[in-house]
Structure formats: C-alpha cells, structure tokens
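Only one structure is covered here, and it is reproduced in the block below.
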Amino acid sequence: MTTSILNKQQQAEQAPLSLHYLGDRTLRQSTKRINKINQSVRDLAKDMLQTMYTEQGIGLAAPQVGVNKQMLVVDCDPGNTATPPLILINPQIQSYSKELAKGEEGCLSIPGVFLDVVRPEAIEVKYKDESGRPKKMEASGLLAKVIQHEFDHLHGILFVDRVPNDLVLTEALHQQGFSTKAVQPVKSKQ
Ligand code: NI
C-alpha cells in the first residue's frame with residue numbers, strides 16, 4: 001500500500017480514464033482474474049480512483065473504463081480524508097444476508113438514471129488488496145450496496161438489469177437518451 005494510491009486529493013480537471021456507457025459492449029464482457037499484483041495494477045487502481053473522484057462517483061469497476069479485469073474501487077465517503085478508499089482485486093462475495101434492503105442506485109456508466117434496487121443488506125467479501133494481501137471483510141448498508149453494484153460490473157451486470165422492466169425504468173432511460181434494448185434483465189429478481 002502506498003500513500004500515493006490512498007491520497008484523496010486526486011480530483012483532476014479531467015479524469016485519466018474514459019468511461020464507457022450503457023449500450024457499450026465492454027460493459028457486458030466477462031472479466032479476468034488478476035494473477036500478478038504489480039505496479040501496473042497499482043497504477044490502474046490509482047487512475048480508477050482519480051477517475052471516480054473526478055466523476056463524483058463512490059464506486060468504479062474496471063470494465064467501466066474499458067479494462068476487463070477483476071478490480072473495483074470504492075469510497076463511500078469521498079469528502080473525508082480520514083477514511084481511505086478500498087481497492088478490491090479478484091473480489092468474491094462469500095455470503096449474503098437473508099435480510100434485503102431497497103435503495104436508490106446510480107451508475108457513472110448510466111448518468112442521470114437513479115432507481116431503486118433491492119439487494120441483500122449485508123455481505124462477506126474476500127479479495128486481495130493492492131499489495132496482494134488476502135483480505136476478508138463484512139459490509140452492510142451503503143458499503144454492501146456499492147460493493148454488490150461494482151461486483152455485478154465484473155460479471156457484465158448493470159443495476160438497471162435488476163430493476164423490474166416497468167414504465168419507471170423505461171421512462172428514466174429514455175429521458176437520459178438510453179435505449180431499453182441495452183438492458184439485460186437478470187433472471188432471479190427479488
Ligand atoms: Ni455502476
């Protein structure tokens with residue numbers, strides 16, 4: 001872990017990486033595990049964090065910047081320099097709570113669309129950090145929601161896929177110039 005990665009004063013005028021948007025096939029590709037956690041992986045993490053802060057997101061997954069690797073970054077409290085951001089490499093969600101929580105989600109790849117999604121309220125996640133150290137974490141509330149949202153990205157799933165395909169979804173997408181054809185509903189809706 002280097003301080004340069006965890007420094008939050010990284011908001012650039014222009015994000016270092018370009019975002020991919022709903023309808024782009026890159027968002028639907030499967031991702032590869034990262035075998036070697038080296039400097040280029042840390043550089044990608046740093047660029048993803050800087051992009052996330054610049055675009056004012058609280059989570060970002062590698063496919064959103066056109067990289068089909070299993071990495072995501074999260075910072076639920078970007079304004080607070082006391083709490084470091086999280087970098088999750090090869091994350092695996094090991095357990096889900098039975099309790100569900102409904103909350104509004106948005107996505108940097110689907111700007112302007114905010115809709116309710118139901119997900120398990122708490123999770124246990126296993127991953128490697130940017131130094132290659134294995135980690136295990138329990139998360140609940142907003143953090144659990146963000147990790148699940150970003151984890152979905154690593155498997156080609158977008159939050160709109162989890163919104164029942166009703167008028168609300170169609171209207172929200174059309175208002176922002178997106179097509180409902182880009183939505184791929186997940187089979188097990190809660
Ligand atoms: Ni997203």
Side-chain angles (χ1 to χ4, degrees), residues 1-11 15-17 19 27 29-101 103 105-109 117-159 162 186:
M1 184 187 302
T2 62
T3 50
S4 62
I5 278 187
L6 299 179
N7 177 11
K8 293 199 188 191
Q9 310 307 320
Q10 290 176 344
Q11 201 164 5
L17 303 169
L19 290 169
L27 295 173
Q29 283 173 1
S30 61
T31 52
K32 296 192 175 91
R33 281 177 64 82
I34 296 174
N35 293 321
K36 218 179 199 176
I37 299 175
N38 54 22
Q39 193 54 44
S40 74
V41 170
R42 285 185 282 276
D43 288 344
L44 174 62
K46 189 178 170 182
D47 283 348
M48 282 174 59
L49 280 169
Q50 194 167 351
T51 301
M52 181 186 80
Y53 288 130
T54 304
E55 303 287 353
Q56 299 184 326
I58 56 173
L60 185 71
Q64 294 183 272
V65 291
V67 177
N68 68 332
K69 289 181 181 166
Q70 294 186 4
M71 174 151 64
L72 55 93
V73 296
V74 176
D75 190 343
C76 289
D77 196 4
N80 182 356
T81 51
T83 55
L86 286 167
I87 297 162
L88 278 65
I89 297 167
N90 302 334
Q92 287 179 286
I93 298 181
Q94 302 213 287
S95 67
Y96 296 89
S97 66
K98 285 202 181 113
E99 194 189 336
L100 303 175
E105 296 188 22
C107 180
L108 290 178
S109 294
V117 179
V118 175
R119 297 183 188 270
E121 204 274 333
I123 53 165
E124 252 183 18
V125 61
K126 201 174 93 171
Y127 62 98
K128 282 191 173 162
D129 72 7
E130 66 278 11
S131 302
R133 278 186 289 248
K135 300 257 180 170
K136 210 173 173 179
M137 177 174 68
E138 284 175 26
S140 61
L142 180 62
L143 181 59
K145 176 179 270 302
V146 178
I147 291 173
Q148 288 177 82
H149 174 120
E150 303 309 333
F151 182 82
D152 270 353
H153 275 297
L154 302 183
H155 298 89
I157 299 169
L158 302 172
F159 86 96
R162 296 189 180 280
V186 291

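For E138, the CD atom is loosely surrounded, since the number of other residues' heavy atoms within 6.0 Å does not exceed 12.
Once rounded to the nearest 0.5 Å, the distance linking CZ of R133 with CD1 of I89 reads 11.0 Å. Note that the CD atom of E124 and the CE atom of M137 stand 10.5 Å from one another [nearest 0.5 Å]. The CD atom of E150 sits 10.0 Å away from the CG atom of L88 when rounded to the nearest 0.5 Å. In this structure, the separation between CD1 on I123 and CZ on F151 is 8.5 Å, given to the nearest 0.5 Å. Atom NZ of residue K32 and atom CD of residue Q70 lie 10.5 Å apart, to the nearest 0.5 angstrom. Taking CG from L60 and CG from L72, the interatomic distance works out to 9.0 Å, rounded to the nearest 0.5 Å.
Applying the side-chain contact (heavy atoms from CB on, under 4.5 Å) rule to I58 yields the partners P78, L142, V146; only residues at least two apart in sequence or on another chain are considered. Residues forming a salt bridge (Lys or Arg N to Asp or Glu O under 4.0 Å) with E105 (at least two apart in sequence, or on another chain): R119, K145.
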Evaluate side-chain hydrogen bond (donor to acceptor under 3.5 Å, both in side chains) for E121 paired with S97, printing each intermediate quantity in order.
CA-CA 6 Å; E121 204 274 333; S97 66; 5.1 Å; no
Would you sort out whether T51 and V73 count as a side chain to side chain contact (heavy atoms under 4.5 Å, CB included), showing the intermediate values?
CA-CA 10 Å; T51 301; V73 296; over 6 Å; no
Can D43 and Q39 be said to form a side-chain hydrogen bond (donor to acceptor under 3.5 Å, both in side chains), step by step?
CA-CA 6 Å; D43 288 344; Q39 193 54 44; 3.0 Å; yes
Would V41 and E130 count as a side chain to side chain contact (heavy atoms under 4.5 Å, CB included) if you check the C-alpha gap in whole Å, the side-chain angles of each, and the deciding distance to 0.1 Å?
CA-CA 8 Å; V41 170; E130 66 278 11; over 6 Å; no
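Scanning all heavy atoms of the two residues, the minimum distance from L49 to P85 falls at CD2-CB, 3.7 Å. Residue L108 comes nearest to G59 through the heavy atom pair CD1-O, 4.3 Å, listed as atom of the first residue, atom of the second, then distance. Counting all heavy atoms, side chain and backbone alike, I37 lies closest to R42 at O-NH1, 3.6 Å.
Residues C107 and H153 meet the side-chain proximity criterion, which asks for heavy atoms closer than 4.5 Å. The side-chain heavy atoms of H149 and V117, taken from C-beta on, include no pair separated by under 4.5 Å. Within the 4.5 Å cutoff, side-chain heavy atoms of L143 are placed close to those of C76. Considering only heavy atoms from C-beta on, V67 stays 4.5 Å or farther from M48 through its side chain. In this structure, V125 and Q92 have side chains that are not in contact, with every pair of non-hydrogen atoms separated by 4.5 Å or more. Between D75 and Y53 there is a side-chain heavy-atom pair separated by less than 4.5 Å. At least one side-chain heavy atom of P63 sits under 4.5 Å from a side-chain heavy atom of L154. No side-chain heavy atom of I147 sits under 4.5 Å from any side-chain heavy atom of P91.
The main-chain N or O of K46 is never found under 3.5 Å from a side-chain atom of Q50 such that the two would form a donor-acceptor pair. With N90 contributing its side chain and I34 its backbone, the two residues share a donor-acceptor pair below 3.5 Å.
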